[in-house]
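Read the numbers this way: they start at 1 and go in the same order the structure lists the ligands and their atoms.
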Amino acid sequence: MPGFPDNFAWGVATSAYQIEGAVAADGRGESIWDTFCRRPGAIRGGQTADVAADHYHRWPEDIDLLAELGVSVYRFSIAWPRVQPQGRGRANPPGLDFYERLTDALLARQITPMPTLYHWDLPQPLEDAGGWLSRQTAQRFADYAGLVADRLADRIPLWITLNEPFVVTAYAYALGFHAPGHELMLAALPTAHHQLLGHGLAAAALRAAGARVAITNNYAPVWPATDGAADVAAAHACDTLQNRLFTDPLLLGRYPDLSAFGIGDADPGGVVDGDLEIISAPLDALGVNYYNPTRVSALPGSPLPFQLEPIPGYPVTAFGWPVVPAGLTELLTQFRDRYGESLPPVYITENGCSAADEPSADGAVDDQPRIRYLDGHIRAVAQAMTAGVDVRGYLVWTLMDNFEWSEGYHQRFGLVYVDFATQQRTPKASFRWYRELIAAQRG
Ligand code: FCB
């Protein structure tokens, strides 16, 4: 393994809804995911996150695991419905207290907290008022950010506003796989602008409290299925949606050309004068989530002018996702070329894989495929850094097995195995491997 700089941040990431459970504890309000989990057929096996990994009650044990792992940074998310059960108004003190206890316990172990304010768990009352289709939600998000910052910004250096707004627009509003389950296709595009505006307004609230601000997007190099002009154009259209729509406005202050989608004026809908100035206030860092590349072919006559194609010739994860570490180097160097000086320092805020982890008779979980995945991708980060990309940290998705959205508990991404019947946590072989890697890098 190549050497990384001494101050490189090694970490893991989680999200509130996927691990906390305790959905009715201490005044928490309902989120759109609580509602979605009750929709027949929405979640594989009809599972819910009512208990998840019970982190809300077991967090001290989980922080002990983080300390044992030796990470310098821990990315978690704050559940908006715990802080504002109705999505507006005064804070619910027990909600903020929970994250304050977590923050202070991390700091006591020299682990830097890296909170995400929105990892998909919108308060249900805000969805009832239009959700991210409504411009008002952006202001609500900024109000919520301000409440959290008032309590915690004095102790936390770097904050992430949104997690993967592209997935929210695509899965939650266009295709309906994620909560709240709308199938609006291109009519979902205003949710892109409202989320970015929410980011910009929240960033201002965080900065007013002295915080530094990042946003996390999921990115993938997009490969055309063939060299033919139609497939190359399809790849360009897909790249625009996945990699540019949520990045050009942040870094360049303008939306990309959306003409491939029949939209003439580079406006996904909802843009008001002054919005792009708010959205493009300089970022302190860009969070990059990477899992695999995307490959597409042309789909003439469809509102979405491309379709996804398999990527043959690579190993696949338990989820069926191709394992292509070089795609991460490609993506990072492409971003360096595309954005130049406008690209802020990068953190890999998620990278990891699901595997068919089964404890053996002695209880051990020997997850060699995950070790190979992580090893390859960490090397890919090193290559991008050698090529001049300013990467400041790498965070594995994820600390422990959890509720994987519409897949329920069927995909295990953790470094720690969770027996969901007993909530017993067992570090996997990958946990020990990552611990040794971090220790070796620290020298
Ligand atoms: C990302 C999400 C994260 C998790 C991983 C597997 O898209 O941010 O919550 O589901 O994928």
Trp405: numbered ligand 1 atoms lying under 4.0 Å from its heavy atoms = 3 (C), 4 (C), 9 (O), 10 (O)
Phe413 heavy atoms, cut-off 4.0 Å: which ligand 1 atoms fall inside?
-> 6 (C)
[X] N/O under 3.5 Å from ligand 1 N/O:
X: His119; answer: yes
X: Glu404; answer: yes
X: Glu164; answer: yes

Can you find a pair of side-chain heavy atoms, one from Tyr314 and one from Asn292, that are under 4.5 Å apart?
-> no
Residue, atom name and distance, where the atom is the protein heavy atom closest to atom 3 (C) of ligand 1 = Glu350 OE1, 3.4 Å
Only one of Val288, Val12, Thr349, Asn351 forms a side chain to side chain contact (heavy atoms under 4.5 Å, CB included) with Tyr394, so which one is it?
-> Asn351
Out of Asn351, Asn163, Val167, Thr349, the nearest non-hydrogen contact to atom 8 (O) of ligand 1 is supplied by Asn163
Closest to atom 11 (O) of ligand 1 by heavy-atom distance, out of Tyr171, Trp120, Tyr291, Phe319, is Tyr291
Tell me, please, which residues at least two apart from Tyr99 pass ring pair (Phe, Tyr, Trp, His ring centres under 6.0 Å).
-> none
Can any side-chain N or O of Thr294 pair as donor or acceptor with the backbone N or O of Val222 at less than 3.5 Å?
-> no
Will you find, in the side chains of Thr169 and Thr191, an N or O donor that is under 3.5 Å from an N or O acceptor?
-> yes
Under a 4.0 Å N-O cut-off, is there an ion pair linking Glu20 with Arg82?
-> yes
